[in-house]
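Input: a single structure, listed below in structure tokens.
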Amino acid sequence: DKGNHRHFMEKEIYEQPEVISHALSHYVDFAENTIGANAAAIDFKAASSLAISACGTAYLAGLVGKYWFERYARLPVEIDVASEFRYREMPLSPSQAALFISQSGETADTLASLRYCRDNGLKIGAVVNVRESTIARESDAVFPIMAGPEIGVASTKAFTCQLAVLASLAIGAGKARGTVNADEERALVRHLAEMPRIMSRVLNLIQPQMESLSRELSKCKDVLYLGRGTSFPLAMEGALKLKEISYIHAEGYAAGELKHGPIALIDENMPVIVIAPYDRFFEKTVSNMQEVAARGGRIIFITDEAGAAASRLPTMATIVLPVVDEIIAPMIFSLPIQLLAYHTAVFMGTDVDQPRNLAKSVTVE
Ligand code: F6R
């Protein structure tokens with residue numbers, strides 16, 4: 001049932017505040033502002049490093065998770081797409097922990113990576129939406145994302161719920177490893193707790209602008225997304241979402257890679273979507289944006305109030321989000337990239353919930 005939404009994808013985008021709050025309440029004690037025991041079902045303290053494997057959007061959630069586990073828990077992370085992970089014969093040891101991220105819990109390559117790790121004696125955690133799935137059954141610990149059924153082929157709420165769970169696990173791992181103290185834990189958890197309310201506000205705030213911008217995007221043949229830090233995986237997620245439902249060619253790049261190749265593509269026909277909250281990477285990303293502007297590129301700047309005030313570069317559009325803590329920025333900044341892809345596809349008249357050639361669950365290699 002789509003309720004009063006045109007597509008499941010739209011319904012699922014707007015469900016995010018509610019399902020994220022549900023997901024968080026499984027991992028977080030909001031009365032005490034602490035991370036609870038459900039986030040500690042794997043012994044991150046004893047782990048020498050963490051291996052993460054997943055496909056598509058779930059892989060990009062894992063890539064954001066890598067930044068968090070390394071930053072908050074000082075736990076080194078090895079991550080790869082499951083189709084490479086399973087075959088690249090990486091040396092593994094039983095002192096490592098492994099996480100597999102999958103909405104369906106049935107993705108063939110992710111399952112094969114899991115079995116490879118299990119055969120090597122690693123402790124296995126599964127971040128899944130479907131709790132009865134094969135990947136969940138074959139894991140030592142299951143971390144449900146509690147997103148509810150996701151019908152739209154393009155993943156939206158599962159992605160942000162995966163992020164919310166990974167953030168909780170990374171903070172929990174930091175607590176276990178002594179790299180996040182009690183004050184930091186409380187502060188981070190308070191930020192997580194604010195997230196659902198901020199998401200609702202942002203969804204309402206940006207909707208009309210996303211709809212009108214989608215008209216511009218629908219005329220384009222190619223779109224480039226740029227970001228740094230956790231905004232880099234978001235840039236790739238933005239590009240993935242746009243290409244899979246609107247069939248517009250899109251690429252996501254680390255902003256610092258611009259001058260190593262993609263800058264050659266910049267002209268007035270290809271919009272460049274720059275994802276840049278006012279964080280410690282902001283100035284660097286803005287200098288990349290300057291390189292785009294200097295070559296006549298048209299910029300769609302997704303930033304926050306502080307970032308908008310700090311940059312004077314001319315843009316085709318600036319999407320201004322509230323200033324939020326770094327730990328929740330990836331979830332908040334997911335909203336404009338989802339809505340932009342959604343409205344562009346709607347405007348172009350594609351089959352948004354069932355894009356051509358794609359399946360919701362990829363159970364063959
Ligand atoms: C993109 C998308 C896919 C899936 C991928 C993994 O919007 O939905 O890239 O993320 O096929 O699927 P799961 O998470 O079920 O393993």
Side-chain angles (χ1 to χ4, degrees), residues 7-13 15-16 19 23 52-65 79-86 98-115 117 124-139 142-166 225 233-248 250-252 330 334-335 337-342 344-345 350-365:
H7 301 95
F8 283 108
M9 183 178 175
E10 185 181 49
K11 172 174 176 256
E12 289 160 4
I13 289 173
E15 263 171 15
Q16 290 177 104
V19 291
I52 303 182
S53 176
C55 300
T57 286
Y59 162 72
L60 296 172
L63 204 48
V64 176
I79 175 166
D80 213 337
V81 290
S83 54
E84 291 299 320
F85 189 105
R86 64 182 289 192
L99 269 188
F100 300 89
I101 309 166
S102 176
Q103 188 283 129
S104 64
E106 302 295 345
T107 301
D109 283 322
T110 310
L111 180 59
S113 303
L114 183 157
R115 289 175 176 161
C117 287
I124 312 289
V127 177
V128 292
N129 198 26
V130 182
R131 291 170 87 158
E132 308 74 34
S133 59
T134 312
I135 287 175
R137 275 202 312 274
E138 296 199 11
S139 297
V142 179
F143 300 103
I145 64 165
M146 330 274 282
E150 191 179 61
I151 311 289
V153 165
S155 185
T156 52
K157 63 175 180 171
F159 177 66
T160 49
C161 284
Q162 285 160 353
L163 292 179
V165 172
L166 290 168
Y225 289 72
L234 274 197
M236 291 195 279
E237 170 63 6
L240 175 60
K241 219 89 300 174
L242 186 70
K243 76 182 105 178
E244 69 182 327
I245 59 171
S246 75
Y247 316 141
I248 294 172
E251 301 277 351
S334 292
L335 303 175
I337 63 176
Q338 292 170 349
L339 282 175
L340 217 45
Y342 172 72
T344 303
T350 60
D351 190 345
V352 173
D353 284 334
Q354 286 288 336
R356 69 186 181 201
N357 310 340
L358 287 171
K360 184 66 185 162
S361 181
V362 184
T363 53
V364 291
E365 196 176 328

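Values reported hereafter were calculated over all heavy atoms of this structure, with side chains retained and with hydrogens, waters and symmetry mates removed. Numbering of ligands and ligand atoms starts at 1, following listing order.
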Working to the nearest 0.5 angstrom, can you tell me the gap between Leu234 CG and Ile337 CD1?
5.0 Å
Do [X] and [Y] meet the criterion of a side-chain donor-acceptor pair at a distance under 3.5 Å?
{"X": "Glu106", "Y": "Ser133", "result": "no"}
{"X": "Ser83", "Y": "Glu365", "result": "no"}
{"X": "Ser155", "Y": "Glu150", "result": "yes"}

Is the closest heavy atom of Ser361 to ligand 1 under 4.0 Å?
no
Option among Thr57, Thr344, Thr156 that satisfies the side chain to side chain donor-acceptor pair (under 3.5 Å) test with Lys241:
Thr57
Part of Val153 within contact of ligand 1 (heavy atoms, under 4.0 Å)
backbone
Which segment of Glu106 sits under 4.0 Å of ligand 1 when only heavy atoms are counted:
neither
Of all the atoms in ligand 1, which lie at a distance below 4.0 Å from a heavy atom belonging to [X]?
{"X": "Ala58", "result": "10 (O), 14 (O)"}
{"X": "Ala154", "result": "7 (O)"}
{"X": "Ser155", "result": "7 (O), 8 (O)"}
{"X": "Gly56", "result": "9 (O)"}

Polar proximity ligand 1 side, [X] side, N/O cut 3.5 Å exclusive:
{"X": "Thr57", "result": "yes"}
{"X": "Glu244", "result": "yes"}
{"X": "Lys241", "result": "yes"}

Is it true that a side-chain atom of Thr110 and a backbone atom of Ala82 form a donor plus acceptor pair closer than 3.5 Å?
no
Is there a donor-acceptor pair closer than 3.5 Å between any side-chain N or O of Gln338 and the backbone N or O of Leu335?
no
Selected option - heavy-atom contact closest to atom 13 (P) of ligand 1, from Leu60, Thr107, Val362:
Thr107
